[in-house]
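Some notes on the structure that comes next.
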Amino acid sequence: MSDTAGIAVVLITRNEAHRIRKCLESVRWADEIIVVDQHSTDGTPAICREFGATVICREMTQGFGEQKNFAIAQASQPWILSLDADEEVTPTLREALQQAIANPGVCVGFQIPRLTAYLGRFIRHCGWYPSPVLRLFRRGHGRLTDAFVHEEIVVDGHVGDLHADLLHYSYNSLSDHLCKMDLYTAYDARMLARRGVHITALKTPWFFVGKPLIVFLRKYIWQQGFREGLHGLILSGMAAFVTFVNYAKLWEAEMPGGRAAHEP
């Protein structure tokens, strides 16, 4: 690529040695790879350096959004592609990315449809597909929101759409899902507390029964999760459980002597 149309791939990591190679292999063609690692103990930084990445070790104290913004600030290329360690850029997507930055028009960012695998199966229902994510943007025109988790990129201009899938290998097992759920729900509870949400006697039935039930019905019935067979049933049930745990952790934090919601 020319200097006027270079891409920097930016990732944040922590103990991703078991899957980071597939991601990095899929972006070997990038002009620059920046990795900000949260003190991994499994050799993740060394693997990243094998692929020519610039690796910076840094503690994550303010959540995913702030950590990714720091990583973006280290890039020098005119375009940024923000990825997670469990994602893969296909050759078709690579071509679409290169065409986009060669002829962006008025766009300073591009959305990419994301196809996610759950327990070994790519999911096209439950609201999981196409689920476009804004991941490619012109440096200086985009940043991550400051959310602790579920952060998103926002840009200060027009956004275009690409039509090649970004592959996302989310959870290989239920154990993997449960482990990540423990971390993410801690951050979710923190965000609920920051928005001023409180567990009261009046709201308890809604938080612990109504909302989880609505989540399940939306994913399994309205978003046709039933078409995914047992995968869809389990995914919908886990989504409802996550909602329940979010409020349970908020309740725990509000108890006298309870663990603070901001301690994941």
Side-chain angles (χ1 to χ4, degrees), residues 7-17 19-20 23-24 27 30 32-42 44-45 47-49 53-87 89 108-112 114 116 131-157 159 166 168 170 179-197 242 245-247 249-250 252-253 259-264:
I7 291 182
V9 172
V10 173
L11 303 97
I12 65 172
T13 58
R14 184 181 184 186
N15 293 332
E16 301 285 0
R19 62 185 178 185
I20 191 72
C23 176
L24 295 174
V27 293
E32 183 179 36
I33 301 175
I34 303 292
V35 176
V36 175
D37 183 77
Q38 190 186 356
H39 304 297
S40 293
T41 58
D42 65 349
T44 296
I47 294 173
C48 293
R49 291 187 182 100
T54 298
V55 180
I56 302 166
C57 293
R58 182 179 191 256
E59 189 60 47
M60 185 172 72
T61 59
Q62 298 299 315
F64 290 90
E66 191 275 340
Q67 187 83 331
K68 288 185 177 181
N69 280 326
F70 174 84
I72 289 167
Q74 314 312 306
S76 63
Q77 296 297 320
W79 287 88
I80 307 292
L81 176 62
S82 177
L83 294 179
D84 292 333
D86 57 359
E87 294 174 335
V89 174
V108 298
F110 291 89
Q111 293 189 125
I112 306 170
R114 186 166 65 164
T116 299
S131 188
V133 288
L134 200 167
R135 292 300 189 80
L136 178 68
F137 61 96
R138 191 183 291 275
R139 184 165 59 91
H141 291 268
R143 66 181 303 278
L144 274 295
T145 58
D146 62 355
F148 296 116
V149 69
H150 313 308
E151 69 289 346
E152 297 178 340
I153 293 171
V154 292
V155 297
D156 60 4
V159 176
L166 173 67
H168 178 213
S170 62
C179 286
K180 289 185 180 179
M181 184 192 73
D182 188 41
L183 173 64
Y184 292 160
T185 53
Y187 282 120
D188 282 334
R190 183 176 177 180
M191 288 193 293
L192 288 170
R194 188 165 69 174
R195 295 204 304 265
V197 178
V242 165
V245 173
N246 286 342
Y247 290 101
K249 287 193 174 184
L250 178 61
E252 178 187 34
R259 189 175 67 177
H262 62 272
E263 297 293 340

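In this structure, Gln38 CD and Arg58 CZ are separated by 10.0 Å, a value rounded to the nearest 0.5 Å. With rounding to the nearest 0.5 Å, the separation of CD in Gln74 from CD1 in Ile80 is 10.5 Å. A distance of 11.5 Å separates CG of Leu136 from CD of Gln111, quoted to the nearest 0.5 Å. Note that CD1 of Ile56 is 12.5 Å distant from CD1 of Ile12, once rounded to the nearest 0.5 Å. Atom CG of residue Asn15 and atom NE2 of residue His39 lie 11.5 Å apart, to the nearest 0.5 angstrom.
The shortest heavy-atom contact between Cys23 and Leu83 is SG-CD1, 4.2 Å. Nearest heavy atoms, Pro45 versus Asp37: CG-OD2, 3.6 Å. Between Val108 and Trp79, the shortest heavy-atom distance links the atoms O-CZ3, 3.8 Å. Nearest heavy-atom pair, Ile34 versus Ala75, reported as atom, atom and distance to 0.1 Å: CG1-CA, 4.2 Å. The shortest heavy-atom contact between Leu250 and Val197 is CD2-O, 3.6 Å. The heavy-atom pair separating Met181 from Thr185 by the smallest distance is O-OG1, 2.6 Å.
Residues meeting the side-chain contact (heavy atoms from CB on, under 4.5 Å) test with Cys48, sequence neighbours left out: Ile20, Leu24, Val35, Thr44, Ala53, Val55. Under the ring pair (Phe, Tyr, Trp, His ring centres under 6.0 Å) criterion, Phe70 pairs with no residue, sequence neighbours left out.
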How far apart are the C-alpha atoms of Tyr184 and Val242, what are their side-chain angles, what is the distance that settles it, and do they pass the side-chain contact (heavy atoms from CB on, under 4.5 Å) test? CA-CA 9 Å; Tyr184 292 160; Val242 165; over 6 Å; no
Between Asp146 and Glu66, does the side-chain contact (heavy atoms from CB on, under 4.5 Å) criterion hold? Intermediate values first, please. CA-CA 6 Å; Asp146 62 355; Glu66 191 275 340; over 6 Å; no
Apply the test salt bridge (Lys or Arg N to Asp or Glu O under 4.0 Å) to residues Arg138 and Asp156: give CA-CA distance (whole Å), side-chain angles for both, the deciding distance (0.1 Å), then the verdict. CA-CA 10 Å; Arg138 191 183 291 275; Asp156 60 4; over 6 Å; no
Carefully, step by step, assess His150 and Asp188 under the rule side-chain contact (heavy atoms from CB on, under 4.5 Å). CA-CA 9 Å; His150 313 308; Asp188 282 334; 3.0 Å; yes
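At most 12 non-hydrogen atoms from other residues, nucleotides or ligands lie less than 6.0 angstrom from CD of Glu152. No more than 12 heavy atoms of other residues, nucleotides or ligands shown are found within 6.0 angstrom of CZ on Arg14.
Arg139 places a side-chain N or O within 3.5 Å of a backbone atom of Gln77 that can act as its donor or acceptor partner. In this structure a side-chain-to-backbone donor-acceptor pair under 3.5 Å is present from Asp42 to Ala17. With hydrogens and angles ignored, the 3.5 Å screen pairs a side-chain donor or acceptor of Asn69 with a backbone N or O of Leu144. A donor-acceptor pair under 3.5 Å is absent between the side-chain atoms of Glu151 and the main chain of Gln67, judged by distance alone.
Under the 4.0 Å criterion applied to side-chain N and carboxylate O atoms, Asp182 and Lys249 are assigned as salt-bridge partners.
Looking at His168, Arg19, Arg135 one by one, the single match for side chain to side chain donor-acceptor pair (under 3.5 Å) with Glu87 turns out to be Arg135.
Looking at heavy atoms from C-beta onward, Thr116 lies out of side-chain contact with Ser131 at the 4.5 angstrom threshold. Looking at Leu81 and Ile112, their side chains come closer than 4.5 Å, going by heavy atoms from C-beta outward. Here the side chains of Met191 and Asn246 are not in contact, with every heavy-atom distance at 4.5 Å or above. In this structure, the side chains of Asp84 and Phe64 stay at 4.5 Å or more apart for every pair of heavy atoms.
Using modelled atom types, one finds a donor on one side chain and an acceptor on the other under 3.5 Å when comparing Glu32 with Ser76.
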